[in-house]
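These notes concern the structure reproduced below.
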Amino acid sequence: MSNILAFIEQRDGKILPASFQLLALAGKLASSTGGQAEACVVGDSVSGLTDTIASYGAKKIYTVEDASLARYVASQYTTALSAVIDAASPKIVLIPTTFMGRDLASRTAARKHAALAIDCTDISIEGADLIAEKSTYAGKLSAKFKLSSAGLQIATVRSNVYAASEPQAGAAAEVQAVAVSLTDNDKRLTCKEVVSTSSGVKDVTEGDIVVAGGRALKSEENFKIIFDLAEMLDGAVGASRAACDAGYQPHSRQVGLTGKVVTPKLYIACGIDGAIQHLAGMRGSKVIVGINTKADAPIYKVATYGCVIDLFTLVPLLTAEFERLKG
Amino acid sequence: MRILSVVKQVPDSNAAVKVQADGHGIDANGLKLVLDPFDEFGVELAIQLREKRSDVTEVVAMILGPDKASEALRVALAMGADSGIHINDESFQSQNELFAAHVLAEAIKKQEQPFDLIVCGKYNIDLDSGAVGPALAEFLGWPHVGAVQGLEIADDGKHFTARRRIEGAEEVIEGDLPVLLTIEKGLVEPRYPSLPNIMKAKKKPVSVITGSDLSISQDLKNATEMLSISPPPPKPDCKFIEGEPEEMAKELVRLLREEAKVV
Ligand SMILES: Cc1cc2nc3c(=O)[nH]c(=O)nc-3n(C[C@H](O)[C@H](O)[C@H](O)COP(=O)(O)OP(=O)(O)OC[C@H]3O[C@@H](n4cnc5c(N)ncnc54)[C@H](O)[C@@H]3O)c2cc1C
């Protein structure tokens, strides 16, 4: 009961990179619990992924394979993860904070009567308990939770808070296949298909760099300069609610309280005022650039760098400067 | 078809939330509380289904919270829910969503007539966690679909197709009722209650459930405990970049590369 289990999120055989960050964290925590970092991967065909998972530091890998686990369905994945928890008896289970992770962690914690914290930005062990820090009240306050060591502890971890280790090619791990018997109750829902909504551009939650535009862009056409800069940086495009409500961008790109929460390493806010509900979605970004004509715009309260200038002037110059340096 | 909309009262997203002197909770003094905006989507969805379909017989709104939470319940009733259930007991107050889901599940099991559909928000804007919906479904032994942004229920009132938001895509989930759905933004636009409906809501029936009505296990409550809450560490002041536009662009790019090292 001292091992740390990291849930490796995969879709169609592609591992979510944040899963590797969890393995690094699991290794760190395991050194203070006297256990080891272990991994769990679930799907219809995942045994081909174990070498990669091992290279990022997992000492033991539990695989659950079943044709009906090809796509995520909450109750089925809960049964799969629960089977691994029964087989591995970990002390702590770490799960990436994603749409899958939040859902799966909550349902699994209910099934296993575990202690639970969602979207943690700091995780440590004090005594035997897990101390998890997370943002609350739309990022206005940060709360510390104690997850009792009396039972299982489950935490989902925000991406990019912890860095992944350098992969070690050829690292070995023990692999154990865990059998799962999905009940009729588990199979009451099926996932028919997964339809992409990102239309070629990276989803805003997937970009290491996000360039976002606000109402100041004034039209969908004007967003071209935002896309140009995002493309130059291999980043994603985001927008404020005002820009989405006005139809300049689809709601799938909305960042904020009622949009998506993003924590990229760089967030460039162009013509975005910085309303509290927008900050709720991006204040966790590592570096924030504000570009706004109003020197007292609230975006500058959270920005690392500020440029008080017309975005239509500066954004194309930035794209050109990056292009020049790229050569 | 009977629909249950589970709601919560939370601080208004525009409000400055302050910490209590002891650092263990938030200062409720003068804090504006509202019906959670995501739960509002659930209420709206439920009443739209009742308006559109002849087989929806009742929409019930349920809230767990102290006396003051009755105000948020009244908003749900003013929007159009037919009746309310208020679970109110000092011993049920906690910052633990799994415990809240357990209490809600026990209260739902006590209801004489069963529900076919339960809706709640994708998450609540106070704890930013979203564990209530999935955990409630688990405690009830129901399936659930989280972060639903599209929904069709067939004419037979059983089969449904839900579109669930994930990163850059949508999962299309099918099955039969009963099901619990957590609602994402974009599925419905919540209405503002009209003055006559606000008046009418005052007369709608609300039943109160207290501690003695339910058998609640305290184990879950103690498993996760809030130790402290505080404003996040202040960000260092914004570094403003001056100069002509071309210089500004060059300097910003230099800082991003050499100082922040993010590009
Ligand atoms: C319950 C609730 C939930 C909400 N959820 C969200 C959410 O998820 N996401 C979100 O974004 N908002 C959300 N909002 C809305 C939020 O309160 C703001 O209204 C919104 O973020 C404003 O968008 P904006 O900054 O683009 O527009 P504005 O407030 O209009 O700001 C435009 C900014 O652009 C600047 N500007 C104008 N022209 C230029 C130029 N040429 N160059 C540079 N700068 C220029 C202006 O100085 C101004 O600061 C929510 C509100 C509520 C009540």
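A note on names: the letters A, B, ... follow the listed sequences, proteins ahead of strands, and every chain is numbered from 1. Here the structure is a predicted model, which means the values were calculated and not measured.
- In this structure, no portion of A:Ala117 lies under 4.5 Å from any heavy atom of chain B.
- In this structure, chain B has a heavy atom under 4.5 Å from the side chain of A:Arg102, while its backbone stays farther away.
- Put simply, the residue from B:Lys239, B:Glu259, B:Glu251 that forms a side-chain hydrogen bond (donor to acceptor under 3.5 Å, both in side chains) with A:Tyr305 is B:Glu259.
- Proximity to chain A (any heavy atom under 4.5 Å) is shown, for B:Leu136, by neither the backbone nor the side chain.
- For A:Leu147, the parts sitting under 4.5 Å from any heavy atom of chain B are the backbone and the side chain alike.
- To the nearest 0.5 Å, atoms CZ (A:Phe145) and CD1 (B:Ile229) are separated by 7.0 Å.
- In this structure, the portion of A:Ala114 lying under 4.5 Å from any heavy atom of chain B is its backbone and not its side chain.
- B:Asp176 touches chain A through its backbone: at least one of N, CA, C or O sits under 4.5 Å from a heavy atom, while the side chain does not.
- Only the side chain of A:Leu325 comes within less than 4.5 Å of a heavy atom in chain B; its backbone stays farther off.
- Between the side chain of A:Thr197 and the backbone N or O of B:Gly168, at least one donor-acceptor pair lies under 3.5 Å.
- The part of B:Glu184 that comes within reach of chain A is its side chain, from C-beta onward, which places non-hydrogen atoms under 4.5 angstrom from that chain.
- Residue contact with chain B, scored on non-hydrogen atoms closer than 4.5 Å, is absent for A:Lys202.
- Heavy-atom pairs under 4.5 Å with chain B peak, among A:Thr313, A:Asp119, A:Thr304, A:Thr205, at A:Thr304.
- Heavy atoms of B:Val19 lying under 4.5 Å from chain A belong exclusively to its side chain.
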Margin query: Quick one, A:Gln277 with B:Ser13, criterion side-chain hydrogen bond (donor to acceptor under 3.5 Å, both in side chains). Give me CA distance, side-chain angles, the key distance, then yes/no.
Written below: CA-CA 7 Å; A:Gln277 296 92 353; B:Ser13 64; 3.0 Å; yes
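- Looking at B:Phe240, both its backbone and its side chain come within 4.5 Å of chain A, counting heavy atoms on both sides.
- The contact between A:Asp103 and chain B is made by backbone and side chain atoms together, counting heavy-atom distances below 4.5 Å.
- Between chain B and the residues A:Leu189, A:Val194, A:Ile131, A:Asp203, the most heavy-atom pairs under 4.5 angstrom are made by A:Leu189.
- If you run side-chain contact (heavy atoms from CB on, under 4.5 Å) between B:Leu252 and each of A:Ile268, A:Leu317, A:Leu318, only A:Leu318 comes through.
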Next item on the list: Test A:Ile209 against B:Val262 for side-chain contact (heavy atoms from CB on, under 4.5 Å), laying out the working first.
Entry: CA-CA 9 Å; A:Ile209 295 177; B:Val262 288; over 6 Å; no
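- In this structure, the side chain of A:Lys192 does not engage the main chain of B:Thr161 through any donor-acceptor pair within 3.5 Å.
- Looking at B:Asp219, neither its backbone nor its side chain comes within 4.5 Å of chain A, counting heavy atoms on both sides.
- B:Leu98 touches chain A through its side chain: at least one heavy atom from C-beta onward sits under 4.5 Å away, while N, CA, C and O do not.
- Judged by distance alone, the side chain of A:Lys134 and the main-chain N or O of B:Asp128 form a donor-acceptor pair under 3.5 Å.
- Using a 4.5 Å cut-off between heavy atoms, B:Arg163 touches chain A through its side chain atoms alone.
- Using modelled atom types, no side-chain atom of A:Ser142 and backbone atom of B:Pro232 make a donor-acceptor pair closer than 3.5 Å.
- With a threshold of 4.5 angstrom between heavy atoms, B:Pro143 approaches chain A through its backbone and through its side chain.
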Next item on the list: Begin with the C-alpha distance, continue with both residues' side-chain angles, and end with the deciding distance and a verdict on side-chain contact (heavy atoms from CB on, under 4.5 Å) for A:Arg111 and B:Phe139.
Entry: CA-CA 7 Å; A:Arg111 186 167 300 178; B:Phe139 288 138; over 6 Å; no
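- With a threshold of 4.5 angstrom between heavy atoms, A:Val261 approaches chain B through side-chain atoms but not through N, CA, C or O.
- Interface remark: A:Val289 contributes side-chain atoms only to the contact with chain B (heavy atom separation under 4.5 Å).
- Using a 4.5 Å cut-off between heavy atoms, B:Ala101 makes no contact with chain A at all.
- For A:Ile276, the part lying under 4.5 angstrom from a heavy atom of chain B is the side chain only.
- At a 4.5 Å heavy-atom cutoff, the contact between A:Ser135 and chain B is made by backbone and side-chain atoms alike.
- Looking at B:Ile125, the atoms closer than 4.5 Å to chain A (heavy atoms on both sides) sit in the backbone and in the side chain alike.
- Both the backbone and the side chain of A:Thr258 come within less than 4.5 Å of a heavy atom in chain B.
- Looking at B:Val132, neither its backbone nor its side chain comes within 4.5 Å of chain A, counting heavy atoms on both sides.
- A:Leu257 touches chain B through backbone and side chain together, each having a heavy atom under 4.5 Å away.
- Contacts between A:Thr98 and chain B at a heavy-atom distance below 4.5 Å involve backbone atoms as well as side-chain atoms.
- Neither the backbone nor the side chain of B:Ala162 has a heavy atom closer than 4.5 Å to any heavy atom of chain A.
- Of the two parts of B:Phe99, neither the backbone nor the side chain holds a non-hydrogen atom closer than 4.5 Å to a non-hydrogen atom of chain A.
- Between B:Glu171 and A:Arg11 there is a salt bridge, since at least one side-chain N of the basic residue sits less than 4.0 Å from a carboxylate O of the acidic one.
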